[in-house]
Participant: 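Next up is a structure, given as structure tokens.
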Amino acid sequence: MNHYFIYDPSQKSHEREIKFEILGKEISLKTDVGVFSNKAIDKGSYFFLKTLLSLNLYGKVLDLGCGYGAIGVPLKLFLKDKIELTCSDINPKCVELTSRNLRLYDLDGKCSLSDGYLLLNGTFDFIVFNPPISIGKEKIYSIYKDSKEHLNEKGKLYLVIRKDKGAYSHMEYLKTLFNSVEIIEKEKGYFVIECL
């Protein structure tokens with residue numbers, strides 16, 4: 001069985017529309033088979049989004065591993081003039097869906113196909129990342145290391161990880177890279193972690 005982040009061009013498309021409400025606004029996004037959580041926004045992403053919208057995000061923001069844009073599109077919708085959004089994913093279908101979902105709301109944003117930071121240039125004020133735990137710690141830790149190198153001097157990395165998926169061990173590794181690693185929100189086993 002293929003992981004959701006491996007592009008399979010032979011997979012037949014079956015687009016659907018998902019809807020959810022956040023901060024009193026209904027969000028409607030196009031999804032398809034072969035992308036993560038394509039029938040509804042997953043609990044971790046929703047909690048992550050809710051937390052991110054309570055923070056003072058500004059400047060250059062990267063939604064790393066953007067999927068169909070469940071995080072990046074609402075961030076840009078609510079923070080139109082405050083952020084310059086880049087969304088990236090290893091899956092071409094995800095990049096296409098995020099681009100389309102941004103256009104649905106007439107939003108600007110750069111959508112890039114990239115394996116981690118391989119094809120991404122420049123640095124960011126904020127990087128937001130819902131790590132695909134199933135790819136293994138070695139690959140994820142490599143992405144964390146690269147994230148540190150792609151942040152501006154006072155930039156921050158935000159992550160959402162479930163406690164039972166190794167959140168504390170991830171935090172121990174992150175402390176070898178960042179000066180400060182803190183859980184800023186918790187909900188039903190999910191941690192939002194701030195690294196700076």
Participant: Crowded around Glu138 CD? As in, over 12 foreign heavy atoms under 6.0 Å?
Facilitator: no
Participant: Should the pair Arg100-Glu96 be classified as a salt bridge under the 4.0 Å nitrogen-to-oxygen rule?
Facilitator: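 Salt bridge: yes.
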Participant: Is a donor on one side and an acceptor on the other found under 3.5 Å between the side chain of Ser114 and the backbone of Gly116?
Facilitator: yes
Participant: Salt bridge check: are Glu15 and Lys30 linked by an N-O gap of less than 4.0 Å?
Facilitator: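 No, Glu15 and Lys30 are not salt-bridged.
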Participant: Less than 4.5 Å apart, side chain to side chain, heavy atoms only: is that true for Leu113 and Ile90?
Facilitator: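 Leu113 does not reach Ile90 side chain to side chain.
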Participant: Just by modelled atom types, is the Cys87 backbone N or O under 3.5 Å from a matching donor or acceptor in the Asp63 side chain?
Facilitator: no
Participant: At their closest point, which heavy atom of Cys111 faces which heavy atom of Leu102, and how far apart are they?
Facilitator: SG-CD1, 3.7 Å
Participant: If we only count heavy atoms from C-beta on, is the Thr123 to Lys60 side-chain gap below 4.5 Å?
Facilitator: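 Thr123 does not reach Lys60 side chain to side chain.
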Participant: Roughly how far apart are Asn152 CG and Asp125 CG, rounded to 0.5 Å?
Facilitator: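 Reported value, rounded in 0.5 Å steps: 4.5 Å.
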Participant: Just how far is it from atom CD1 of Ile71 to atom CG of Leu85, taken to the nearest 0.5 Å?
Facilitator: 11.0 Å
Participant: Is any side-chain heavy atom of Leu62 closer than 4.5 Å to a side-chain heavy atom of Val128?
Facilitator: no
Participant: Mind checking the CG-SG spacing from Asn130 to Cys66? Nearest 0.5 Å is all I need.
Facilitator: 12.0 Å
Participant: Would you say the side chain of Tyr158 lies within less than 4.5 Å of the side chain of Cys195, judging by non-hydrogen atoms?
Facilitator: no
Participant: Roughly how far, to the nearest 0.5 Å, is the CZ atom of Arg162 from the NE2 atom of His170?
Facilitator: 12.5 Å
Participant: How close do Leu49 and Ala70 get, heavy atom to heavy atom, and via which atoms?
Facilitator: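 Looks like CD2-O, 3.6 Å.
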Participant: The test is side chain to side chain contact (heavy atoms under 4.5 Å, CB included); show your working for Thr86 and Val61 and say whether it passes.
Facilitator: CA-CA 6 Å; Thr86 299; Val61 176; over 6 Å; no
Participant: Would you say Lys137 and Ser169 are linked by a side-chain donor-acceptor pair, where the criterion is simply a distance under 3.5 Å?
Facilitator: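 Present: a donor and an acceptor within the cut-off.
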Participant: From Ile183 CD1 over to Glu194 CD, what is the distance, rounded to the nearest 0.5 angstrom?
Facilitator: 12.0 Å
Participant: Would you please indicate yes or no on a ring centroid separation below 6.0 angstrom for Phe48 and Tyr190?
Facilitator: no
Participant: Check whether the side chains of Ser28 and Glu17 place a donor and an acceptor atom closer than 3.5 Å, and report yes or no.
Facilitator: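 A donor-acceptor contact under 3.5 Å links the two side chains.
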Participant: Taking the side chain as C-beta and beyond, is there a heavy-atom pair between Tyr117 and Ile143 under 4.5 Å?
Facilitator: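 Of all side-chain heavy-atom pairs linking Ile143 with Tyr117, at least one is under 4.5 Å.
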Participant: With rounding to the nearest 0.5 Å, note down the distance linking NZ in Lys163 to OH in Tyr168.
Facilitator: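 Those atoms lie 5.0 Å apart.
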Participant: With no hydrogens and no angle check, is any side-chain donor or acceptor of Tyr46 less than 3.5 Å from a backbone partner on Glu21?
Facilitator: yes
Participant: When you look at NZ of Lys165, are more than 12 heavy atoms from neighbouring residues, nucleotides or ligands closer to it than 6.0 Å?
Facilitator: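 Not buried by this count: 12 neighbours or fewer within 6.0 Å.
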Participant: Considering non-hydrogen atoms only, spot the tightest contact between Asp108 and Lys76 and give its length.
Facilitator: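 Closest pair (atom of Asp108, atom of Lys76, distance): O-CE, 3.1 Å.
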Participant: Group every Ile, Leu, Val, Met, Phe, Trp and Tyr by side-chain heavy-atom contacts under 4.5 Å, then state whether Met171 and Ile133 land in the same group.
Facilitator: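 Yes, Met171 connects to Ile133 through the hydrophobic network.
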Participant: Would a hydrophobic clustering, with Ile, Leu, Val, Met, Phe, Trp and Tyr connected at side-chain separations under 4.5 Å, put Ile184 with Tyr58?
Facilitator: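 Ile184 clusters together with Tyr58.
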Participant: Test side chain to side chain contact (heavy atoms under 4.5 Å, CB included) on Glu187 and Lys50; report intermediate values, then the result.
Facilitator: CA-CA 11 Å; Glu187 184 177 278; Lys50 192 171 63 170; 3.2 Å; yes
Participant: Please walk me through it: do Phe191 and Ile161 pass side chain to side chain contact (heavy atoms under 4.5 Å, CB included)?
Facilitator: CA-CA 5 Å; Phe191 294 173; Ile161 308 177; 5.5 Å; no
Participant: Report the C-alpha separation of Val160 and Lys43 in whole Å, then their side-chain angles, then the decisive distance to 0.1 Å, and conclude whether the side chain to side chain contact (heavy atoms under 4.5 Å, CB included) test is met.
Facilitator: CA-CA 10 Å; Val160 62; Lys43 290 176 185 175; over 6 Å; no
Participant: For Ser147 versus Ile127, what's the shortest heavy-atom pair and its separation?
Facilitator: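 Answer, listing the atom of Ser147 first, then Ile127: O-CD1, 3.7 Å.
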Participant: Report, as yes or no, whether the 6.0 Å neighbourhood of atom NZ on Lys82 holds more than 12 heavy atoms from other residues, nucleotides or ligands.
Facilitator: yes
Participant: Show the nearest heavy-atom pair for residues Cys94 and Val35, with the distance to one decimal.
Facilitator: SG-CG1, 3.5 Å
Participant: Could you tell me whether a side-chain N or O of Thr98 sits under 3.5 Å from a main-chain N or O of Val95, the two making a donor and an acceptor?
Facilitator: no
Participant: Taking salt bridge (charged side-chain N to carboxylate O under 4.0 Å, His left out) as the definition, give me every residue that meets it alongside Asp106, ordered by chain and number, with sequence neighbours left out.
Facilitator: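 Asp106: no salt bridge (charged side-chain N to carboxylate O under 4.0 Å, His left out) contacts found.
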Participant: Answer yes if Tyr144 and Leu196 sit in the same cluster of Ile, Leu, Val, Met, Phe, Trp and Tyr residues linked by side chain heavy atoms under 4.5 Å apart, and no otherwise.
Facilitator: no
Participant: So among Ile22, Leu52, Val73, which one has a side chain to side chain contact (heavy atoms under 4.5 Å, CB included) with Phe78?
Facilitator: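 Only one of Ile22, Leu52, Val73 forms a side chain to side chain contact (heavy atoms under 4.5 Å, CB included) with Phe78, namely Ile22.
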Participant: Taking everything shown except Asp164 itself, do over 12 heavy atoms lie less than 6.0 Å from its CG?
Facilitator: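 Yes, because the 6.0 Å sphere around CG of Asp164 holds more than 12 heavy atoms from other groups.
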Participant: Taking C-beta and beyond as the side chain, do Asn101 and Thr31 meet within less than 4.5 Å on heavy atoms?
Facilitator: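 The answer is no; the side chains never approach within 4.5 Å.
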Participant: Tell me whether Leu23 is reachable from Tyr105 by hopping between hydrophobic residues (I, L, V, M, F, W, Y) whose side-chain heavy atoms are closer than 4.5 Å.
Facilitator: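 Shared cluster, yes.
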Participant: For the residue pair Glu185 and Phe47, establish whether any side-chain heavy-atom pair is separated by less than 4.5 Å.
Facilitator: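 Yes. Closest side-chain heavy atoms under 4.5 Å.
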Participant: Heavy atoms only: give me the nearest Leu120-Ser112 pair and the separation to one decimal.
Facilitator: CD2-CB, 3.8 Å
Participant: Under the 3.5 angstrom rule, does the side chain of Asp89 hit a backbone N or O of Gly67 as a donor-acceptor pair?
Facilitator: yes
Participant: Can we say Lys110 and Glu84 salt-bridge, meaning some charged N sits less than 4.0 Å from an Asp/Glu carboxylate O?
Facilitator: no
Participant: Is the shortest side-chain heavy-atom distance between Leu157 and Leu151 below 4.5 Å?
Facilitator: yes
Participant: Mark yes or no for whether Ser45, through its side chain, and Ile41, through its backbone, hold a donor-acceptor pair below 3.5 Å.
Facilitator: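 Judged by distance alone, no pair lies under 3.5 Å.
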Participant: Is the backbone of Thr51 close enough, under 3.5 Å, to the side chain of Ser54 for a donor and an acceptor to pair up by distance?
Facilitator: yes
